[in-house]
**Student:** 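Dropping the structure in here first, questions after.
In this text the structure is predicted, and so the values were computed from the model without any measurement. Each residue takes its place number in the sequence, starting with 1.
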Amino acid sequence: MNKVIALVSGILFGYGLALSGMLSPSKVVGFLDLTGNWDPSLAFVMGGGLMVTVIAFHFLLKRPHPLFGDKFYLPTRKDIDKRLVIGSALFGLGWAIGGLCPGPALSSLAYASPKIAVFCVAMVVGIFIGKKVFPASAS
């Protein structure tokens, strides 16, 4: 049952990304082009997502556990270390260069574009290498 819920959630997330135009790398590039033809639409999408999350988490976290799980898995670390800063910088750099982050990249696979497929393969290889080089630390 959990896999069906995860699939439906993923489809809804991908549909939302497609509906908002966030599967187009030019949207991201337009958002980052502050000195050129700036496109603020990505800020509205991020702000909308943040607003829904803040409201939903307020109510969801009052529950003893998720509807379809035995406990919530939330981050517990509050410190900022070198690993977080380097990882965030690499993520942002890759996002700015490619115009895609993991969610939109995976959703864009539905378009069967060879460029997107190459991006996703490179992303998976990068994740694999990252896990080998920086194994998860106990938190």
Side-chain angles (χ1 to χ4, degrees):
M1 182 65 171
N2 284 348
K3 290 182 180 180
V4 172
I5 293 167
L7 177 64
V8 171
S9 298
I11 290 170
L12 283 172
F13 179 66
Y15 180 74
L17 290 171
L19 188 65
S20 63
M22 293 300 117
L23 299 185
S24 170
S26 65
K27 282 281 193 189
V28 175
V29 173
F31 177 72
L32 297 173
D33 188 11
L34 296 174
T35 59
N37 191 16
W38 185 58
D39 179 3
S41 59
L42 181 57
F44 291 110
V45 171
M46 289 190 292
L50 182 63
M51 211 166 47
V52 169
T53 300
V54 167
I55 293 169
F57 269 42
H58 174 75
F59 293 106
L60 289 174
L61 294 179
K62 288 183 177 179
R63 299 180 49 82
H65 57 82
L67 285 176
F68 301 104
D70 55 350
K71 71 175 198 173
F72 290 103
Y73 293 93
L74 299 171
T76 56
R77 290 184 59 174
K78 305 226 184 272
D79 60 323
I80 296 173
D81 62 1
K82 184 171 75 175
R83 183 178 166 179
L84 176 64
V85 172
I86 292 172
S88 301
L90 287 173
F91 178 89
L93 186 63
W95 193 36
I97 291 171
L100 289 170
C101 62
L106 293 176
S107 298
S108 295
L109 284 174
Y111 296 139
S113 163
K115 288 181 181 177
I116 298 297
V118 169
F119 182 93
C120 287
V121 168
M123 180 177 69
V124 170
V125 169
I127 291 170
F128 179 77
I129 291 171
K131 285 188 174 196
K132 289 293 181 190
V133 174
F134 304 107
S137 60
S139 55

**Student:** Rounded to the nearest 0.5 Å, how far does CG of Leu17 lie from CG of Leu12?
**Tutor:** 11.0 Å

**Student:** Counting only heavy atoms from other residues, nucleotides and ligands, does the tally under 6.0 Å from CZ of Phe57 exceed 12?
**Tutor:**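 Not buried by this count: 12 neighbours or fewer within 6.0 Å.
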
**Student:** Between Gly14 and Ser107, what is the shortest heavy-atom contact and its length?
**Tutor:**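 Here Gly14 and Ser107 meet closest at CA-OG, 3.3 Å.
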
**Student:** Please report the C-alpha distance between Phe119 and Leu100 in whole Å, then the side-chain angles of each, then the deciding distance to 0.1 Å, and finally whether the side-chain contact (heavy atoms from CB on, under 4.5 Å) criterion is met.
**Tutor:** CA-CA 9 Å; Phe119 182 93; Leu100 289 170; 3.8 Å; yes

**Student:** With a 6.0 Å cut-off (strictly less than), is the heavy-atom count around CG of Leu67, excluding the residue itself, greater than 12?
**Tutor:**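 Yes, the 6.0 Å shell around CG holds more than 12 heavy atoms from other groups.
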
**Student:** In Å, rounded to the nearest 0.5 Å, how long is the span from CG of Asp39 to CG of Leu32?
**Tutor:** 10.5 Å

**Student:** Got a second to check how far Leu60's CG is from Ile55's CD1, nearest 0.5 Å?
**Tutor:**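 That separation rounds to 11.5 Å.
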
**Student:** Which heavy-atom pair separates Leu42 from Met22 by the least distance, and what is that distance?
**Tutor:** CD1-SD, 3.0 Å

**Student:** Can Leu109 be reached from Ile127 by stepping across I, L, V, M, F, W or Y side chains whose heavy atoms are under 4.5 Å apart?
**Tutor:** yes

**Student:** Does Val85 reach the side chain of Ile80, with side-chain heavy atoms less than 4.5 Å apart?
**Tutor:**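 Of all side-chain heavy-atom pairs linking Ile80 with Val85, at least one is under 4.5 Å.
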
**Student:** Any chance OH of Tyr15 has more than 12 other-residue heavy atoms, nucleotides or ligands included, within less than 6.0 Å?
**Tutor:** no

**Student:** Closest approach of Pro102 and Met123, non-hydrogen atoms and distance?
**Tutor:** CA-SD, 3.5 Å

**Student:** Side-chain heavy atoms under 4.5 angstrom apart, residues restricted to Ile, Leu, Val, Met, Phe, Trp, Tyr: same cluster for Leu106 and Ile116?
**Tutor:** yes

**Student:** State the CG-CG distance between Asp33 and Asn37, to the nearest 0.5 angstrom.
**Tutor:** 7.0 Å

**Student:** To check you understand the geometry: which heavy-atom pair defines the closest contact between Ala105 and Cys120, and what is its length?
**Tutor:**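 Looks like O-SG, 3.5 Å.
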
**Student:** Ignoring hydrogens and angles, tell me if any N or O in the side chain of Asp79 forms a donor-acceptor pair with the backbone of Asp81 under 3.5 Å.
**Tutor:** no

**Student:** Testing the basics here: between Cys101 and Phe91, what is the closest heavy-atom pair and its distance to 0.1 Å?
**Tutor:** CB-CZ, 3.5 Å

**Student:** Working to the nearest 0.5 Å, report the span between CG of Leu84 and OG of Ser88.
**Tutor:**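 Here the rounded value is 4.0 Å.
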
**Student:** In terms of heavy-atom contacts, does CG of Asn2 have more than 12 from other residues, nucleotides or ligands at under 6.0 Å?
**Tutor:**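 Buried by this count: over 12 neighbours within 6.0 Å.
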
**Student:** Rounded at 0.5 Å granularity, tell me how far CZ in Phe31 sits from CH2 in Trp95.
**Tutor:** 6.5 Å

**Student:** For Ser20 and Val45, which heavy atoms make the closest approach, and how far apart are they?
**Tutor:**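 Looking at all heavy atoms of both residues, the closest pair is CB-CG2, 3.8 Å.
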
